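Read through the structure below, which is laid out as structure tokens, and then see the notes.
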Amino acid sequence: MIDARLALALDGGGFVLPDDGAIAVFKPPQDAELSVLPQDRCLIIEGFKPAHDAWCARGFDCVTELNRRVGAAIVCLPRAKAEARALIAEAMEKSEGSLVIDGQKTDGVDSLLREIRKRIDIFGPIAKAHGKLFWCSADSASVFDDWRTGPALTAGGFWTAPGVFSADAIDPASDLLAAALPENLGKEIADFGAGWGFLSAHILTRAEVSAVHLVEAGHMALECARRNVTDPRAVFHWADATTWRPEKKLDAVIMNPPFHTTRAAEPTLGQGFVQAAARALSPSGQLWMVANRHLPYEQTLMSHFANVFEVGGDARFKLLHATRPKHPARP
Ligand SMILES: C[S@@+](CC[C@H](N)C(=O)[O-])C[C@H]1O[C@@H](n2cnc3c(N)ncnc32)[C@H](O)[C@@H]1O
């Protein structure tokens, strides 16, 4: 846990906070307390909407991107290696003092430590609670230049970025869903968890569609979607799909819902998407979704829709179609 390692680093471990300037903390885990840092100088960098809102609710300053220089920067390693490297390069460039890197063993901290050590002198590491924290001086900004990446055009012809879902290729489950969608989906459609926009772009090939709402919690994913989906009928929402509400009820919701925020499968996320879809749809609206075959969505679907059909799939994925959303009776 970062709190224990930071406390050890500051208390006799040799790490000293700068006297002034903000302390940027990139992607801290949501259960981090950061109580050893002065909260009034902390600036959290978090683009995932539910986590972003949670930091704001706790009274922290929180931004989606860092656009200024800071006194020190702390990178909490995300799981995706390319994203971790990109954050390190960005933090190195923006920090005027130290760059601190913290991560769990399961997030690859050991291999990054080996790589970084070959490039620059490091202090620490502090090893504790199945993770490591180490730091270096940020005075040689160019040392990680080759790790810097932002949105880029892939060989497939779409924009993605490190850490965005299915950044290298079209996701096979979404591909299966796109191929199964009927020609007539109605006019007002939402794509829940729209990612870089693959399904929305597909839906917008239909002339009768008047709007596709891309609802995506990942700020960077939505930035990529804005580049990929340039049709004026696309409406972009940086939002948590489980709480987002459309201005008018929808004809269809399309989704390939997320099923983990950690390594373990968390079907409750997708179940939250199903409930939100039922709420957002008009009485004649329809839900089309694709899911890994082992994930238990049917019960939630049947609680929120009168009709639920499995309409295809393959050995790995199932395609589900639900109609007649059950709206809770108004009091
Ligand atoms: C399985 S991916 C599908 C992405 C995209 N539809 C595609 O087909 O490539 C699920 C997406 O849901 C997003 N997501 C996760 N939690 C979310 C939430 N609470 N609200 C909105 N989007 C969320 C993820 O960032 C990810 O882009």
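In this text, all values refer to a predicted model and were calculated from it rather than measured experimentally. Just so you know, ligand 1 is whichever comes first in the structure, and atom 1 is the first atom listed for that ligand.
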Look at the rings of Phe273 and Phe192 and say which category their plane angle falls in: under 30° parallel, 30 to 60° tilted, over 60° perpendicular.
perpendicular
Test of proximity, Ser174 against ligand 1: N or O pairs below 3.5 Å
yes
Atoms in ligand 1 flagged as close to Asn256, the criterion being non-hydrogen separation under 4.0 Å
1 (C), 2 (S), 3 (C), 10 (C)
For Asp240, take its heavy atoms, then give the atoms of ligand 1 lying under 4.0 Å from any of them.
18 (C), 19 (N), 20 (N)
The atoms of ligand 1 lying under 4.0 Å from a heavy atom of Ala239, numbered in the order shown, are 20 (N), 21 (C)
With only distance considered, is Phe198 within less than 3.5 Å of ligand 1 through an N or O on each side?
no
Taking only non-hydrogen atoms of Ala194, do any sit less than 4.0 angstrom from ligand 1?
yes
I'd like to know if the side chain of Ser282 and the backbone of Gly285 have a donor-acceptor N/O pair within less than 3.5 Å.
yes
Classify the ring geometry between Phe309 and His321 as parallel (under 30°), tilted (30 to 60°) or perpendicular (over 60°).
tilted
Gly272 heavy atom under 4.0 Å from ligand 1
no
Ser137 to Ile120 - nearest heavy-atom pair and separation
O-CD1, 3.7 Å
Ignoring hydrogens, just give me the one of Lys49, His219, Glu216 whose non-hydrogen atom is nearest atom 27 (O) of ligand 1.
Glu216
Give a yes/no verdict on whether any heavy atom in Thr242 is under 4.0 Å from an atom of ligand 1.
no
For residues Gln286 and Val253, determine if any side-chain heavy atom of one lies less than 4.5 Å from a side-chain heavy atom of the other.
no
Any heavy atom of Trp244 closer to ligand 1 than 4.0 angstrom?
no
For ligand 1, the portion of Phe48 having any non-hydrogen atom under 4.0 Å away
side chain
Evaluate whether atom NZ of Lys128 has more than 12 neighbouring non-hydrogen atoms of other residues, nucleotides or ligands under 6.0 angstrom away.
no
Are the side chain of Arg233 and the backbone of Leu204 linked by a donor-acceptor contact shorter than 3.5 Å?
yes
Give me the ring orientation class for Trp55 and Phe60: parallel if the planes are under 30° apart, tilted from 30 to 60°, perpendicular past 60°.
perpendicular
Honestly curious: do Leu113 and Leu133 fall in one hydrophobic cluster under the side-chain, below-4.5 Å linking rule?
no
Note: Ala173, heavy atoms under 4.0 Å from ligand 1, region reported as neither
Which part of Ser166 is near ligand 1, with near meaning a heavy atom under 4.0 Å away: side chain, backbone, both or neither?
neither
Consider ligand 1: state whether an atom of it lies below 4.0 angstrom from any non-hydrogen atom of Phe273.
yes
Is the backbone N or O of Thr300 less than 3.5 Å from a side-chain atom of Gln271, with the two atoms forming a donor-acceptor pair by type?
no
Just heavy atoms, cut-off under 4.0 Å: does Ala217 contact ligand 1 by side chain, backbone, both, or neither?
both
Do any N/O atoms on Ala241 end up under 3.5 angstrom from N/O atoms on ligand 1?
yes
